[in-house]
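So the structure is just underneath, and the comments pick up after that.
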Amino acid sequence: MEISFTDFVVVGGGVAGLRAAIELADAGQVTVLTKDALRDGATEYAQGGVAVALADGDTPAAHRDDTLEAGAGCCNAGAVDVLVNEGPERVRELIDWGIHFDLDLGGNLDFTREGAHHHNRVLHACGDATGREVERTLVAKVRTLERARRLPHHYSLGLVVEEGRCLGVWLVDQTNGRERLLLARAVVLATGGVGWLYRHTSNPAVATGDGLAMAHRAGATLRDLEFVQFHPTALHLDGVPAFLISEAVRGEGARLLNQEGERFMVGRHPDGDLAPRDVVARAIYDEMARHDGRPVFLDCRHLGAELLPKRFPTIFEACRSYGIDMRTQPIPVAPAAHFMMGGVVTDLDGATDLPGLYACGEVACTGVHGANRLASNSLLEGLVFGQRAARAILATEVTFPTLRHAGFYEPPAPILEIDYVARQEQAREIMWEYAGIHRTAEGLTAADAALRALELPYQRYPADRLVAETGNAIMVSRLICQAALARTASLGSHYRADAVADQS
Ligand SMILES: Cc1cc2nc3c(=O)[nH]c(=O)nc-3n(C[C@H](O)[C@H](O)[C@H](O)COP(=O)(O)OP(=O)(O)OC[C@H]3O[C@@H](n4cnc5c(N)ncnc54)[C@H](O)[C@@H]3O)c2cc1C
């Protein structure tokens with residue numbers, strides 16, 4: 001197999017990977033791999049904004065308190081301190097690099113509020129296309145850096161590990177099917193989340209949990225995989241993708257209504273429609289269960305015909321393309337798998353317990369989100385911990401690796417005659433049904449057994465993205481089920497319907 005070298009390899013071109021790459025390019029050649037085109041991750045789809053304590057009267061301490069409260073007592077307080085204290089500097093830097101956040105009429109940064117925030121601290125761009133603007137800014141910055149190399153359509157199949165150290169990645173160039181080893185002084189995993197493991201998700205199709213699977217196979221520790229956040233309000237129409245309707249819409253005053261037209265969140269939680277995501281998602285789940293699976297509605301009609309297309313142009317257009325005019329019609333919505341709070345365990349500098357391997361962004365678990373992520377904290381997480389991981393790598397003396405063993409030179413495994421797409425779809429149904437918003441020991445046990453039966457019979461994958469994604473998705477789905485089984489009490493986003501009395 002061909003072997004090539006780079007100083008640093010970053011797997012993933014979202015906010016976390018790009019922020020890390022920008023820092024690393026100061027010190028050597030950095031190669032950024034993405035599965036599809038460069039802007040293919042969840043970052044591009046982020047709507048609501050970036051939470052950061054920069055508004056008058058707001059403080060990092062207040063941001064910290066809201067983050068800890070949302071995390072249901074499970075956050076790593078040290079990680080939260082890093083996030084809220086370093087966040088303002090990272091966002092100012094983004095402004096210096098040319099990001100256009102929306103401004104108020106006085107020309108000042110316009111801060112909005114989302115669920116479980118007790119201050120207006122969410123910066124947004126192009127109304128509701130914040131992620132697109134973040135990604136645009138970072139990609140533009142990367143393009144100015146001579147030593148940053150982008151490899152779109154390069155799929156990472158696994159990590160190269162020898163004698164307890166990660167030496168690089170094994171990848172396939174999807175444009176010609178050629179596999180090779182890319183060895184580096186350090187590997188940064190920034191592969192994003194797992195939403196695609198669920199039947200209904202707000203995530204793009206690249207979110208199949210590859211990074212978690214690669215790290216797990218390589219022996220790095222994963223944690224908190226039971227904490228999957230379900231966004232309460234994704235568009236729910238037959239045959240239409242679960243397009244996200246940002247929480248910022250409720251932040252601006254939109255109301256949730258059930259099939260009878262009642263405001264079912266009133267009285268259910270002191271924050272009503274802006275209650276924490278898990279609370280709202282469960283309330284919607286209950287309403288849908290009472291109404292044969294029919295969705296609830298997000299009513300924006302009272303917000304004014306002018307505000308909606310201006311403040312939420314992306315959502316407005318998406319709804320309109322599916323025949324819903326949010327100025328005059330309530331939007332049918334239902335929950336969708338959205339964000340993984342757990343991940344590859346790292347310290348506050350992105351280091352995993354596998355030397356040479358770092359992780360940042362959604363694939364990592366610093367403990368910053370605890371059992372439930374505060375809205376709009378993840379773009380900030382990518383900026384803060386992407387930069388820290390890179391800084392830590394640069395502070396470590398590491399030599400170029402030498403590959404001693406020839407294990408990777410085996411002839412490629414044959415692609416077996418299996419309907420991989422059908423297996424993925426079966427697994428996604430199982431996860432939605434049994435490892436979703438309501439979980440029980442019985443359901444999780446059955447799910448794990450059913451997923452085991454779907455596992456692929458490979459010792460080593462052939463160099464094929466679909467095969468590897470299917471194998472990874474099933475592996476990570478099983479890990480989620482097992483983590484959810486092990487946590488017998490409900491906590492944050494993890495709801496055990498058979499152990500409600502244990503809620504802590
Ligand atoms: C619809 C939506 C709205 C959101 N809104 C907000 C918001 O308003 N505010 C907020 O803070 N957060 C929001 N989030 C969450 C946030 O967008 C993500 O958590 C964050 O962008 C993740 O960034 P990342 O860099 O970790 O990964 P991503 O941006 O997901 O990027 C992952 C990258 O890894 C690459 N990759 C994965 N596996 C492989 C592989 N095997 N080989 C090669 N490359 C690989 C992918 O190609 C991709 O480039 C939203 C998410 C969604 C889906």
Side-chain angles (χ1 to χ4, degrees), residues 9-21 31-52 87 112 114 122-125 128-132 134-135 138-139 150-159 169-174 182 188-196 201-214 229 231 233-235 241-248 251 314-315 318 336-341 343 359-364 369 373-383 385-386 461 465 468-469 472:
V9 57
V10 175
V11 190
V15 58
L18 293 180
R19 186 58 193 83
T31 303
V32 180
L33 311 178
T34 55
K35 281 195 203 186
D36 291 328
L38 187 56
R39 297 168 63 168
D40 61 352
T43 302
E44 183 74 10
Y45 298 87
Q47 297 178 348
V50 186
V52 62
T112 191
E114 291 188 271
V122 178
L123 285 175
H124 44 94
D128 56 0
T130 312
R132 200 171 70 209
V134 167
E135 191 79 0
L138 293 174
V139 168
R150 304 172 304 277
L151 292 184
H153 307 289
H154 279 62
Y155 180 79
S156 171
L157 293 150
L159 300 172
V169 300
W170 165 40
L171 58 86
V172 58
D173 176 346
Q174 297 169 82
L182 180 59
V188 179
L189 270 187
T191 49
V194 302
W196 205 252
T201 181
S202 63
N203 287 196
V206 293
T208 51
D210 293 335
L212 296 179
M214 286 190 278
Q229 184 172 79
H231 197 288
T233 56
L235 182 64
F243 182 84
L244 193 80
I245 311 293
S246 166
E247 203 155 85
T314 315
I315 297 171
H338 187 56
F339 185 84
M340 167 53 85
M341 268 75 69
C360 52
E362 194 168 336
V363 70
H369 304 297
R373 173 182 70 116
L374 184 67
S376 286
N377 263 356
S378 41
L379 291 175
L380 193 69
E381 175 193 23
L383 293 171
F385 289 97
Y461 293 136
R465 170 173 165 183
E469 277 184 340
N472 290 343

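Here the structure is a predicted model, which means the values were calculated and not measured. Both ligands and their constituent atoms are indexed starting at 1 by order of listing.
- Taking only nitrogen or oxygen atoms, main chain and side chain alike, G48 reaches within less than 3.5 Å of ligand 1.
- Using a non-hydrogen distance threshold of 4.0 Å, G49 registers as a contact of ligand 1.
- Atoms of ligand 1 found under 4.0 Å from any heavy atom of R373, numbered from 1 in the order shown, are 10 (C), 11 (O), 12 (N), 13 (C).
- Listed by number with element, the atoms of ligand 1 under 4.0 angstrom from any heavy atom of N203 are 53 (C).
- At least one N or O atom of D40, backbone or side chain, sits closer than 3.5 Å to an N or O atom of ligand 1.
- Judged by distance alone, the side chain of Q47 and the main-chain N or O of S246 form a donor-acceptor pair under 3.5 Å.
- Polar contact check, T34 against ligand 1: no nitrogen or oxygen pair lies under 3.5 Å apart.
- Residue-ligand proximity, F339 to ligand 1, at heavy-atom distances under 4.0 Å covers atoms 19 (O).
- Atom 42 (N) of ligand 1 has as its closest protein heavy atom S156 N, 2.9 Å.
- Considering only non-hydrogen protein atoms, atom 45 (C) of ligand 1 sits nearest to K35 CG, 3.6 Å.
- For D128 (side chain) and I315 (main-chain N/O), a donor-acceptor pair under 3.5 Å exists by modelled atom type.
- In summary, the atoms of ligand 1 found under 4.0 Å from a heavy atom of D210, numbered by their order in the structure, are 38 (N), 39 (C), 40 (C), 41 (N).
- Ligand 1 has no nitrogen or oxygen under 3.5 angstrom from a nitrogen or oxygen of Y45.
- Among protein heavy atoms, the minimum distance from atom 29 (O) of ligand 1 is reached at T43 OG1, 2.5 Å.
- For the atom pair OG1 of T130 and CD of E44, the computed distance is 11.5 Å after rounding to the nearest 0.5 Å.
- A salt bridge does not link R465 to D210: none of the charged nitrogens lies less than 4.0 Å from a carboxylate oxygen.
- For ligand 1 and G361, the ligand atoms under 4.0 Å from any heavy atom of the residue are 26 (O).
- Where the criterion is an N or O separation shorter than 3.5 Å, residue side chain and backbone included, A42 meets it with respect to ligand 1.
- Inclusion of G13 in the set of residues having an N or O under 3.5 Å from an N or O of ligand 1 is warranted.
- The ligand atoms of ligand 1 that sit less than 4.0 angstrom from a heavy atom of A16 are 25 (O).
- Among protein heavy atoms, the minimum distance from atom 11 (O) of ligand 1 is reached at L379 N, 2.8 Å.
- Protein heavy atom closest to atom 15 (C) of ligand 1, with residue, atom name and distance, is S378 OG, 3.3 Å.
- Heavy-atom proximity to atom 19 (O) of ligand 1, evaluated over E114, E362, H369, is greatest for E362.
- Among protein heavy atoms, atom 35 (C) of ligand 1 sits closest to G12 CA, 3.5 Å.
- Residues V50 and L379 have side chains in contact (heavy-atom distance under 4.5 Å, counting atoms from C-beta outward).
- For V363, the heavy-atom gap to ligand 1 stays at 4.0 angstrom or more.
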- Would H369 and Q229 count as a side-chain contact (heavy atoms from CB on, under 4.5 Å) if you check the C-alpha gap in whole Å, the side-chain angles of each, and the deciding distance to 0.1 Å? CA-CA 10 Å; H369 304 297; Q229 184 172 79; over 6 Å; no

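- Of the candidates R39, Q174, H338, H338 brings a heavy atom nearest to atom 52 (C) of ligand 1.
- The shortest N/O to N/O separation between Y155 and ligand 1 does not fall below 3.5 Å.
- Exactly one of I245, L244, T233 qualifies for a side-chain contact (heavy atoms from CB on, under 4.5 Å) with S202. That residue is L244.
- Within the set T201, L171, T191, T208, the minimum heavy-atom distance to atom 37 (C) of ligand 1 is found for T191.
- Using a 4.0 Å cut-off between charged side-chain N and carboxylate O, R373 and E381 make no salt bridge.
- Using a 4.0 Å heavy-atom cutoff, T130 is absent from the residues neighbouring ligand 1.
- Across every non-hydrogen atom of A42 and P204, the tightest pair is N-CG, 3.7 Å.
- In summary, the atoms of ligand 1 found under 4.0 Å from a heavy atom of A190, numbered by their order in the structure, are 32 (C), 33 (C), 34 (O).
- In this structure, M340 falls outside the shell of residues with a heavy atom less than 4.0 angstrom from ligand 1.
- Here the heavy atom of the protein found nearest to atom 43 (C) of ligand 1 is H154 O, 3.4 Å.
- Scanning all protein heavy atoms for the shortest distance to atom 4 (C) of ligand 1 gives A46 CA, 3.3 Å.
- Proximity of G382 to ligand 1 is not established, as no heavy-atom distance is less than 4.0 Å.
- Every N/O-N/O distance between V50 and ligand 1 stays at or above 3.5 Å.
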- Query: Can you check side-chain contact (heavy atoms from CB on, under 4.5 Å) on M214 and V169, steps first, answer last?
  - Reply: CA-CA 10 Å; M214 286 190 278; V169 300; 5.9 Å; no

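- With ligand atoms numbered from 1 in the order given, ligand 1 contributes 1 (C), 2 (C), 3 (C) to contacts under 4.0 Å with heavy atoms of L244.
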